[in-house]
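So the structure is just underneath, and the comments pick up after that.
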Amino acid sequence: MTGAPGRFSPDEVEPRWIEAWERSGALRADPNSGRETYTIAIPPPNVTGSLHLGHALNNTIQDVLIRYHRMAGKEVMWICGTDHAGIATQAQVEKKLAAEGQDRREMGRDAFLDEVWAWKDLHGSNILGQLRRMGFTLDYSRERFTMDAPYAAAVVRVFVDLYEKGHIYRDNYMVNWDPGLGSAISDLEDEEREVTDTMVSIAYPLTDGSGELVVATVRPETMLGDTAVAVNPNDERYAALVGKTCTLPLVGREIPIIADEYVELDFGTGALKVTPAHDPNDFEIGRRHDLPVIGVIGEDGLMTAEAGEAYVGLTPDQCKKRVLADLRELSLVRDEKDYLHTVPFSQRSGVRVEPLISLQWFCDMTALAAPAIAAVENGDVKFTPPHWGGVYLRWMNEIRPWCVSRQLWWGHQLPVWYRGEEIYVGSEAPAGDGWERDPDVLDTWFSSALWPFATLGWPEKTAELKAFYPTQTLSTARDIIFLWVARMVMMGIEYMGEVPFSDVYIHSVIQAPDGRRMSKSLGTGIDPLELIAEHGADGLRFGMLLMSSQQDVRFSPEKVKQGRQLVTKLWNATRLVAGRGGKVGAATAPTPATLGDRWMASRVTEAVAECDALLARFEFSKLADALYHLVFDDFCDWYLELLKADEATPEVAGDLLEQILALAHPVMPFITEECWSVLGGEGLLLTHPPARAGAIDADAAAQVVAVQEAVVAMRAFRTDLGIPPRERLAVRVVTENDVKLPTAALGSLAGVDLVEAGGSDGELRVIPISFGRLEVFRAAEEIDVEAERARITREIGRVEDELKRSEGMLANEKFVGRAPAELVAAEREKIARFAAELAALKEQL
RNA sequence: GGGCGGUUAGCUCAGUUGGUUAGAGCACCUGCUUUACACGCAGGGGGCCGACAGUUCGAGUCUGUCACCGCCCACCA
């Protein structure tokens with residue numbers, strides 16, 4: 001045994017079992033076993049990342065499912081691996097280089113990529129080590145990485161294929177440009193922040209000298225790229241101006257005044273300056289009216305030569321000030337006021353997103369989306385909780401082209417070559433001289449989208465692919481439903497002809513205890529490794545499950561502590577059972593003979609059914625709660641007390657504990673494995689058959705419930721009257737309605753001596769119970785009259801309240817007339833019982 | 001602006017198809033060195049279930065309105 005008496009040291013015990021599980025070979029999936037398979041593909045963590053609470057929760061959920069199905073005899077495969085995480089990883093390495101005074105542009109692409117690979121080799125095993133420490137039984141022997149050669153080949157193949165099918169194309173389009181990163185980012189990678197800008201009204205003189213048109217803008221610097229002014233076609237104020245031109249101040253360009261429905265009549269001045277190069281809406285207006293596109297902000301985030309000599313090279317902010325000063329000098333500023341609005345910032349670099357027109361590669365998603373929409377509508381893919389299916393469908397039904405190119409170096413370089421105006425897309429460089437490969441790489445999510453089948457060897461027809469695709473369950477947080485889940489469904493259907501998973505479980509997001517998001521940068525992060533050090537991996541796993549929910553929850557360390565306490569409890573229960581000769585691994589289940597054994601066996605049966613049902617519905621917090629109460633309340637508080645009183649047998653106790661350990665193993669693999677071995681278990685609980693469900697023994701259950709009620713009533717009686725727990729009391733049991741009260745059990749659990757009628761000395765006190773009464777005989781001098789009066793008075797008050805409530809209900813004619821008859825009858829019965837109790841109580845006063 | 005989720009004990013959360021007496025853990029109070037466990041055992045206090053209105057014999061549960069919190073989508077310059 002390990003640790004001080006009553007304690008259990010996870011730090012000493014847990015690492016041993018991790019080794020044993022891996023050594024056993026049970027984590028390696030066998031595609032040829034012929035057994036029914038159960039597969040989960042892990043959401044691949046960032047290769048250089050480290051474990052956070054999101055991983056702890058999500059992977060605990062997956063490990064519970066994996067272990068549960070493994071014990072159930074399935075061939076399980078938990079696909080293991082990591083993601084190259086283009087932007088995040090590149091940023092980490094660039095930061096490190098910057099600290100050393102280096103810059104990737106100076107060192108060149110090849111040297112930089114060498115650095116990233118070196119970084120990956122150094123930090124790449126970190127997170128997998130941490131996942132191991134949590135006890136997660138991934139198939140580590142088949143670890144995959146999204147940049148491994150075979151995986152990369154699959155990525156290229158898909159890109160080329162989508163290009164050949166006409167879904168992938170190159171286009172000038174407005175993208176979210178991240179000037180900090182120097183790359184386009186997808187519209188899923190920005191976030192809104194509130195900003196107070198100045199809304200400026202600027203007068204644009206009409207070219208014919210007949211007046212001016214005042215436009216309102218928060219970005220005066222972009223006026224340098226204006227190619228029109230738009231008004232609403234129904235705006236009577238400006239109707240006469242449509243078709244005329246005005247002269248763009250500072251630039252002198254003559255630009256048309258056009259009518260477009262997009263312009264709001266009642267916002268600003270009702271006249272909108274149109275800058276197709278720098279605003280998504282203006283870009284659309286420009287396309288509709290065939291306006292020229294003049295880019296005045298470059299990909300470096302600075303003003304271009306197109307902005308004019310006076311402004312080139314300035315930042316947009318500097319330019320804004322200069323433009324405003326120049327306009328004021330010309331007396332063209334008509335109004336300035338503060339304006340609070342939200343604008344997009346890059347989640348990646350934190351810099352304000354600059355909408356720019358840029359030549360990028362896109363993937364049209366409409367064709368791919370159609371079957372993926374159907375798959376959710378017809379239930380091939382089922383979301384839990386279900387409303388996320390609706391969220392998925394709303395997004396899919398309005399899906400937009402996906403900008404798949406990123407101006408990064410770390411990632412899958414586009415399989416695209418250029419020679420002059422020629423474009424070649426293929427897995428190898430085309431023949432001939434002068435071809436240059438596109439330097440851009442693919443959005444990381446492009447490769448992630450292939451995860452469920454590329455990890456299994458696709459496009460080769462591997463045994464693994466045949467055995468383990470499609471997978472069964474995908475567990476993830478909601479923030480990547482669009483980025484990842486939807487795209488996996490689309491790609492899975494396109495390339496495998498089948499959805500990649502049948503269930504998507506969306507778990508809650510764990511917030512910081514104060515309700516803010518958990519993040520390192522906010523300082524609200526909590527390190528799972530510290531929690532493991534303090535409470536063990538089992539405690540953390542249990543705590544995370546208890547916190548898991550359908551809604552977001554705040555992290556509460558008490559839940560982890562609760563898990564730790566359950567670990568300790570199991571450990572101590574095991575010591576007791578082992579100390580009395582209980583063992584596991586009986587060839588045939590011992591027959592429960594005593595009442596205690598029969599009852600507990602029945603309870604275990606119920607618990608097994610309950611846990612099966614909860615797992616099938618992904619109700620993990622209820623699963624953890626059910627295990628907790630099974631162990632604490634039923635097994636320890638009642639059953640082991642019955643065992644001590646010889647109302648249960650060690651043989652059965654060992655067997656029932658075995659079932660409980662098997663039931664709890666998916667949740668708390670370490671402690672259950674340890675207890676199992678202490679109790680003489682052969683082999684590993686890891687591959688043990690699941691907890692056995694026997695029969696429900698209603699008779700035993702009824703008797704134990706009766707004992708429990710009587711024991712609790714006795715204990716309360718003692719407490720109220722200040723009778724020490726050790727003082728034996730003489731009690732006579734009187735039951736009604738043929739209820740059999742197992743008196744031996746009652747005597748030992750309540751610490752009383754049972755006596756027969758009339759034979760006892762002392763004063764009689766009556767404790768009412770639902771099926772009769774307990775009569776307590778005590779010597780007059782031992783009775784604390786004050787305490788007794790207080791107790792009885794309190795009881796009378798309680799019963800009177802009940803009586804009043806019941807009578808009130810029955811006095812209501814409508815209730816009696818319309819409520820179901822059995823409810824009314826039940827209420828009448830209650831009245832009779834309360835009245836009898838009340839009378840008995842009053843007699844004692 | 002649209003959509004989704006939430007608001008239950010001091011704290012973190014459960015509450016099945018509406019049934020009248022709303023649960024758990026932690027925290028709190030009172031006992032207890034009961035021979036597995038003080039990371040324990042026993043007993044106990046604590047809630048007008050966000051507000052208002054409605055449906056119903058009966059509402060934490062159903063309907064509507066409102067308030068506040070969170071998230072997603074769209075992004076009126």
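Because the structure is a prediction, the values reported are computed rather than measured. Computed from heavy atoms alone, side chains included, the values below leave out hydrogens, waters and symmetry copies. Chain letters run A, B, ... following the sequence lines, proteins first, then strands; residues in each count from 1.
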task: Could you check whether A:F632 gets within reach of a base, just the sugar-phosphate, or nothing at all, counting any heavy atom under 4.0 Å?
output: sugar-phosphate
field: Donor-acceptor pair (no angle test) under 3.5 Å: A:R564 side chain, B:C39 base
entry: yes
task: Answer with base, sugar-phosphate or nothing: what part of the nucleic acid does A:P385 contact at a heavy-atom distance below 4.0 Å?
output: nothing
statement: Distance col, row A:L291:CG vs A:F283:CZ, nearest 0.5 angstrom, shows 11.5 Å
field: Integer-rounded Å distance: B:G70 C1' and A:I510 CD1
entry: 15 Å
message: I need the CG-P distance between A:L546 and B:A24, as an integer number of Å.
response: 14 Å
- request: Remember a base hit wins even if backbone is also touched, and classify A:V816 as base, sugar-phosphate or nothing at under 4.0 Å, heavy atoms.
  value: nothing
- request: Evaluate the criterion side chain to side chain donor-acceptor pair (under 3.5 Å) for residue pair A:K273 and A:T275; output intermediate values, then yes/no.
  value: CA-CA 7 Å; A:K273 63 187 269 310; A:T275 322; 3.0 Å; yes
Distance between C1' atoms of B:G6 and B:A14 (Å, rounded): 15 Å
task: Classify the nucleic acid contact of A:K622 as base, sugar-phosphate or nothing, counting any heavy atom under 4.0 Å across all strands shown.
output: sugar-phosphate
query: Heavy atoms under 4.0 Å, any strand shown: does A:R394 hit a base, just sugar-phosphate, or nothing?
result: sugar-phosphate
Give me, pair by pair, the N or O atoms of the protein and of nucleotides 45-50 of chain B that are less than 3.5 Å apart, along with how far apart they are.
none

message: Run the side chain to side chain contact (heavy atoms under 4.5 Å, CB included) test against A:V231 and tell me which residues pass, sequence neighbours left out.
response: A:Y238, A:V242, A:A271
- request: Give one of base, sugar-phosphate or nothing for A:L566, where a contact means two heavy atoms less than 4.0 Å apart.
  value: nothing
- request: Looking at every strand, decide which applies to A:S549 at a 4.0 Å heavy-atom threshold: base, sugar-phosphate, or nothing.
  value: sugar-phosphate
field: Dot-bracket summary - RNA chain B, pairs being Watson-Crick or G-U whose distances fall under 3.5 Å, with | when paired to another strand
entry: (((((((..((((.....[...)))).(((((.......))))).....(((((..]....))))))))))))....
- request: Would you please name every residue forming a side-chain hydrogen bond (donor to acceptor under 3.5 Å, both in side chains) with A:R478, sequence neighbours left out?
  value: A:D552
- prompt: Using a cut-off of 4.0 Å on non-hydrogen atoms, how would the nucleic acid contact of A:E813 be classed: base, sugar-phosphate, or nothing?
  reply: nothing
query: Base, sugar-phosphate, or nothing for A:R798, non-hydrogen atoms under 4.0 angstrom?
result: nothing
Check: protein-nucleotides 26-34 of chain B nitrogen or oxygen pairs below 3.5 Å:
none

- request: Using a 4.0 Å heavy-atom cut-off across all strands, classify A:V553 as base, sugar-phosphate, or nothing.
  value: sugar-phosphate
d(CG, A:D552; P, B:C4) in whole Å: 17 Å
- request: For A:D266 and B:A77, give me the distance from atom CG to atom P, rounded to whole Å.
  value: 13 Å
- request: With heavy atoms under 4.0 Å as the rule, sort A:R718 into base, sugar-phosphate or nothing.
  value: nothing
statement: note: A:N812, atom CG; B:G58, atom P; distance rounded to Å ~ 7 Å
query: What residue pairs, at least two apart or across chains, pass side-chain hydrogen bond (donor to acceptor under 3.5 Å, both in side chains) with a residue in residues 535-544 of chain A?
result: A:D63-A:R541
A:T384 OG1 to A:Y505 OH distance, which is reported to the nearest 0.5 Å: 8.0 Å
message: Between B:U20 and B:C26, how many Å separate the two P atoms, rounded to a whole number?
response: 27 Å
message: Students often get this wrong, so: under 4.0 angstrom with heavy atoms, is A:H629 touching a base, only sugar-phosphate, or nothing?
response: sugar-phosphate
- prompt: Can you tell me how far C1' in B:U56 sits from the matching atom in B:G18, rounded to whole Å?
  reply: 9 Å
- prompt: Across the strands shown, which category fits A:D637 at heavy-atom distances under 4.0 angstrom: base, sugar-phosphate, nothing?
  reply: sugar-phosphate
- prompt: Contact class for A:F555 (heavy atom, under 4.0 Å): base, sugar-phosphate, or nothing?
  reply: nothing
- prompt: On a whole-Å scale, what distance lies between the P atoms belonging to B:G54 and B:A59?
  reply: 12 Å
